[in-house]
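Down below is the structure, laid out as structure tokens.
Residue numbers run from 1 in the order of the sequence given. Note that the structure is predicted; figures quoted are calculated from it, not measured. Counting starts at 1 for both ligands and their atoms, following the listed order.
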Amino acid sequence: MKPESLMMSYGFKPELSEGAIKCPIFMTSTFVFKNAEEGKAFFEIAYGHREKKENEELGLIYSRINNPDLEILENRLCLWDKAEDCAVFESGMAAITTVLLEFLKPNDVILISNPLYGGSDHFIKKILPKFNIQVLEFGAGQSKEEVALLVENSGLAAKIALIYIETPANPTNDLIDIEAIKEIALQFSSPEKTIPLAVDNTYMGPLWQHPLKHGADLVLYSATKYIGGHSDLIAGACLGSKELMQRVKGMRTFLGNMASPHTGWLLLRSLETLKARMDLQAKNASQVAAFLSSHPKVEKVYYIGNIKEEDIQFAIKEKQCLTNGAMISFDVKGGEREAFLFLNSLKLIKLAVSLGSTESLAEHPAAMTHCDVSKEDKEKFHITEKMIRLSIGVENDEDIISDIQQALEKL
Ligand SMILES: *Cc1c(COP(=O)(O)O)cnc(C)c1O
């Protein structure tokens with residue numbers, strides 16, 4: 001069956017919860033063992049002291065290690081990405097930083113794509129160097145050969161321990177070829193050291209792009225966005241092979257940054273409507289993009305659906321993206337003054353950061369989500385003063401467009 005058919009039931013046994021049709025919230029810190037032998041066995045598995053026997057499951061121990069709301073949620077999230085295992089976190093940043101801390105150590109190098117989400121950019125460029133972890137960067141639009149050359153010329157190839165990319169990139173919708181970057185990972189791996197590739201799939205996931213299928217080793221989400229989808233929670237997720245996820249979950253146990261049972265329960269509810277919401281959001285976005293693309297006050301539209309066949313990004317889009325997404329950025333004619341006037345004139349669309357939710361949102365990346373990105377990088381990646389970023393929601397498409405229209409008329 002398709003994941004959307006399984007989101008209401010998969011992994012939950014009503015008979016274990018008094019016949020309840022929905023998974024209750026297991027607000028409990030700890031779980032009672034049947035006997036001391038069982039407690040010993042659970043700990044042996046949890047700490048990896050021995051392999052699981054056939055049909056043996058990791059029992060419930062303590063809610064920092066596992067909890068039914070989180071386990072059922074993780075099992076359901078695995079279905080969309082066809083992943084072996086998943087870990088959910090208290091935020092997208094918690095998922096990302098846990099992966100970075102698990103796979104990097106002092107003297108290592110991380111290879112990243114640009115631009116990245118502002119929080120990831122800050123952690124990688126400002127906090128990792130404190131631990132003597134160096135950063136090598138490439139930009140969306142650079143070919144595989146250019147990236148390989150850049151790595152070779154840096155003299156740091158032997159120290160690369162992790163590759164981290166974001167595609168489509170926030171806020172410009174620039175695409176990066178996941179398969180090509182996986183080839184880079186393999187090229188610089190050695191028998192002693194394999195370089196994992198982690199992909200932040202927040203902008204497209206988990207429905208519209210499946211990085212694991214294209215060779216990624218880990219896929220990351222801010223579950224605050226589409227997965228949560230109602231602007232009422234903060235959460236994150238990481239998915240991958242059993243082997244890598246054991247490491248990620250191990251680090252999560254000791255950082256203690258798992259999601260709470262209540263957040264897990266809210267996300268279970270969100271998953272039931274995930275496909276219905278995202279389908280409508282993508283459909284609405286295509287209408288909005290068409291409207292913006294022909295508006296005289298709009299200079300340029302950054303939307304996956306607008307990538308032209310002659311553009312080298314077109315082949316990447318065809319390979320990786322199952323829809324054009326629901327994120328649209330655009331430059332108004334003018335600068336910050338005109339962009340702010342547009343934002344201040346919106347009535348239906350809310351002026352707020354975040355994305356992927358039921359309500360449409362608008363923001364100014366240069367002054368808000370990406371204010372911390374250096375001036376040079378902003379210029380390089382076209383994060384201009386005249387740029388507006390839109391996240392398209394599930395409202396009526398004509399209402400969204402007429403709101404944008406009346407705000408553009410103020411310019
Ligand atoms: C929001 C976001 C994050 C961070 O997630 P939080 O849930 O806010 O911690 C990471 N990556 C991308 C692409 C995002 O949009």
Side-chain angles (χ1 to χ4, degrees), residues 73 77 81 86-101 110 112-128 140 164-176 178 198-209 211 216 218-239 248 252 255 257-260 262-264 266-267 270 278 281 285 302 304 320-321 325-329 352-357 359-365 368-373 381 383 387 389-393:
L73 170 64
L77 281 171
D81 277 295
C86 169
V88 288
F89 291 85
E90 62 186 350
S91 68
M93 284 310 299
I96 293 165
T97 54
T98 300
V99 164
L100 296 174
L101 292 174
I110 177 172
I112 61 161
S113 67
N114 269 314
L116 290 184
Y117 171 72
S120 316
D121 188 86
H122 181 95
F123 191 86
I124 290 171
K125 293 180 189 164
K126 307 235 165 86
I127 298 179
L128 288 183
Y164 181 92
I165 64 173
E166 191 177 311
T167 181
N170 176 6
T172 51
N173 272 326
D174 282 310
L175 302 180
I176 292 161
I178 298 170
V199 179
D200 183 335
N201 197 35
T202 300
Y203 247 49
M204 293 298 263
L207 262 75
W208 300 331
Q209 177 174 268
L218 293 166
V219 52
L220 288 152
Y221 292 105
S222 167
T224 312
K225 314 295 167 57
Y226 290 104
I227 297 173
H230 294 74
S231 301
D232 56 5
L233 62 86
I234 299 277
C238 176
L239 298 100
V248 174
R252 183 184 67 170
L255 289 175
N257 54 7
M258 67 294 151
S260 74
H262 182 241
T263 297
L266 282 169
L267 285 167
S270 292
M278 289 183 75
Q281 286 174 270
Y302 304 78
I304 294 169
Q320 285 173 198
C321 305
M327 294 299 296
I328 306 170
S329 292
V353 300
S354 198
L355 61 101
S357 186
E359 70 275 295
S360 296
L361 299 175
E363 65 117 3
H364 189 263
M368 297 168 192
T369 43
H370 294 68
C371 72
D372 205 34
V373 177
F381 306 121
I383 306 171
M387 178 183 265
R389 189 188 78 177
L390 296 175
S391 168
I392 304 301

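When each atom of ligand 1 is checked for a heavy atom of Ile96 under 4.0 Å away, the hits are 10 (C). The atoms of ligand 1 that sit less than 4.0 Å from any heavy atom of Ser91 are 7 (O), 9 (O). Below 4.0 Å from some heavy atom of Asp200 lie the following atoms of ligand 1, by number and element: 10 (C), 11 (N), 12 (C), 13 (C). Using a 4.0 Å cut-off to heavy atoms of Leu355, the atoms of ligand 1 that qualify are 15 (O). Close approach to Glu166 involves these atoms of ligand 1, each under 4.0 Å from a residue heavy atom: 13 (C). Near Gly92, the atoms of ligand 1 lying under 4.0 angstrom from a non-hydrogen atom of the residue are 5 (O), 6 (P), 7 (O), 9 (O).
With respect to atom 1 (C) of ligand 1, the closest heavy atom belonging to the protein is Lys225 NZ, 1.5 Å. In this structure, atom 9 (O) of ligand 1 lies nearest to the protein heavy atom Met93 N, 2.8 Å. Of all protein heavy atoms, the one lying nearest to atom 7 (O) of ligand 1 is Thr224 OG1, 2.6 Å.
In this structure, the ring of Trp208 has its center no less than 6.0 angstrom from the ring center of Tyr203.
For the pair Lys125 and Tyr164, the NZ or CZ position fails the cation-pi test of under 6.0 Å to the six-membered ring centre and within 45 degrees of the ring normal.
Checked against ring-ring contact (aromatic ring centres under 6.0 Å, His included), His364 has the following partners two or more places apart in sequence or in another chain: Phe340.
Considering each of Tyr226, Tyr117, Tyr221, the one bringing a non-hydrogen atom nearest atom 10 (C) of ligand 1 is Tyr117.
Between the side chain of Gln320 and the backbone N or O of Ile176, at least one donor-acceptor pair lies under 3.5 Å. Judged purely by atom type and a 3.5 angstrom limit, His230 uses its side chain to pair as donor or acceptor with the backbone of Gly228.
For Ser260 and Glu90, the side-chain atoms include no donor-acceptor pair closer than 3.5 Å. Using a 3.5 Å distance cut-off with no hydrogens or angles, the side chains of Gln209 and Asn201 do pair a donor with an acceptor.
The pair Lys126-Asp121 does not meet the salt-bridge criterion, since no charged nitrogen lies less than 4.0 angstrom from a carboxylate oxygen.
The closest approach between Ala235 and ligand 1 falls below 4.0 Å for a heavy atom of the residue.
At a 3.5 angstrom cut-off on N or O pairs, Ser120 does not count as close to ligand 1.
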